[in-house]
Amino acid sequence: MSPHVLILGGTAEARELAAALAPRPGVRVTTSLAGRVTRPGALPGEVRVGGFGGAAGLAGWLRERQVDALVDATHPFAETISANAARAAAETGIPAVVLRRPGWRPGPGDRWHPVASLAAAADLLPRFGPRVLLTTGRLGLSAFAHLTDRHFVVRSVEPPEPPLPPHTEVLLARGPFTVADETALLRENLIDVLVTKDSGGAATAAKLTAARESGLPVVVVRRPPLPDGVTAVPDVAGVLERLGFGPA
């Protein structure tokens with residue numbers, strides 16, 4: 001039978017992996033999307049949208065669809081999905097790999113303030129100036145809603161979910177962004193501090209360079225830990241090797 005690979009997607013790496021696997025003779029690829037983005041781009045292979053109903057639901061789907069390998073290529077902060085994937089793989093005995101782009105690392109001149117959560121980031125903001133560029137995505141902004149003395153510029157791909165801070169300006173945009181663009185954004189909006197998650201990757205890293213060159217502090221929300229016993233590979237080549245498919 002043809003091997004069936006389920007990719008839990010939503011990232012550029014998931015798309016790259018689907019593109020590497022789909023043309024291979026005899027390989028069936030299904031990419032699952034959570035459905036949080038209203039207009040996802042076309043993907044190679046089959047695509048399903050929506051949740052599975054937790055770890056038990058995912059395990060049932062893996063058995064029913066005769067999946068031979070599971071790749072968790074979700075966002076580094078999709079903690080619940082990753083935990084469900086690990087449990088479902090353990091329950092079914094299906095080989096599983098976590099694909100995670102490497103996180104960002106501070107360099108000379110960076111003024112980073114690492115924190116463990118969005119709530120911790122909100123607690124830190126009174127230490128800085130009142131104008132905040134918030135690039136943590138459209139979810140979880142309720143953590144900042146009580147900060148009535150801050151002005152937030154919130155950038156996200158999709159409209160953010162309420163509740164939002166009372167003084168909020170929303171910018172809808174999708175990366176990649178250039179350093180020049182990010183520098184202009186910081187300057188034009190008189191930003192005092194940048195708040196971001198450690199998503200990693202090059203598409204949105206220019207803001208970090210712009211902040212460093214502008215001398216601005218950056219509050220960086222650290223990634224949640226992977227489930228116990230789970231390790232990650234940093235790129236598509238590592239996934240292909242781990243699954244025994246060989247180079248793309």
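Only this structure's heavy atoms are used, side chains among them; waters, hydrogens and symmetry mates stay out. Everything numeric in this text was worked out from a predicted model, so none of it was measured. All residue numbers in this chain count up from 1 along the given sequence.
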Please state whether the rings of Phe52 and Trp61 are parallel, tilted or perpendicular, taking 30° and 60° as the class boundaries. perpendicular
Do you know which two heavy atoms are closest between Ala85 and Leu58, and how far apart they sit? CA-CD2, 3.7 Å
N-O pairing of Arg155 and Glu182 below 4.0 Å: yes
In terms of side-chain geometry, is the basic nitrogen of Arg101 or Glu13 positioned less than 4.0 Å from the acidic oxygen of its partner? yes
Between Leu6, Val5, Ile7, which is the residue that forms a side-chain contact (heavy atoms from CB on, under 4.5 Å) with Thr31? Ile7
Asp72/Arg100 salt bridge by N-O under 4.0 Å criterion: yes
Is Glu161 salt-bridged to Arg138, going by a charged N under 4.0 Å from an acidic O? yes
Can Thr30 and His4 be counted as having a side-chain donor-acceptor contact under 3.5 angstrom? yes
Please round to the nearest 0.5 Å and tell me the distance separating atom CG of Leu99 and atom CG of Asp235. 7.5 Å
Does a side-chain N-to-carboxylate-O contact under 4.0 Å join Arg212 and Asp110? yes
Counting heavy atoms not belonging to Asp228, are there more than 12 under 6.0 Å from its CG? no
Cationic N near anionic O, under 4.0 Å, Glu91 to Arg63: yes
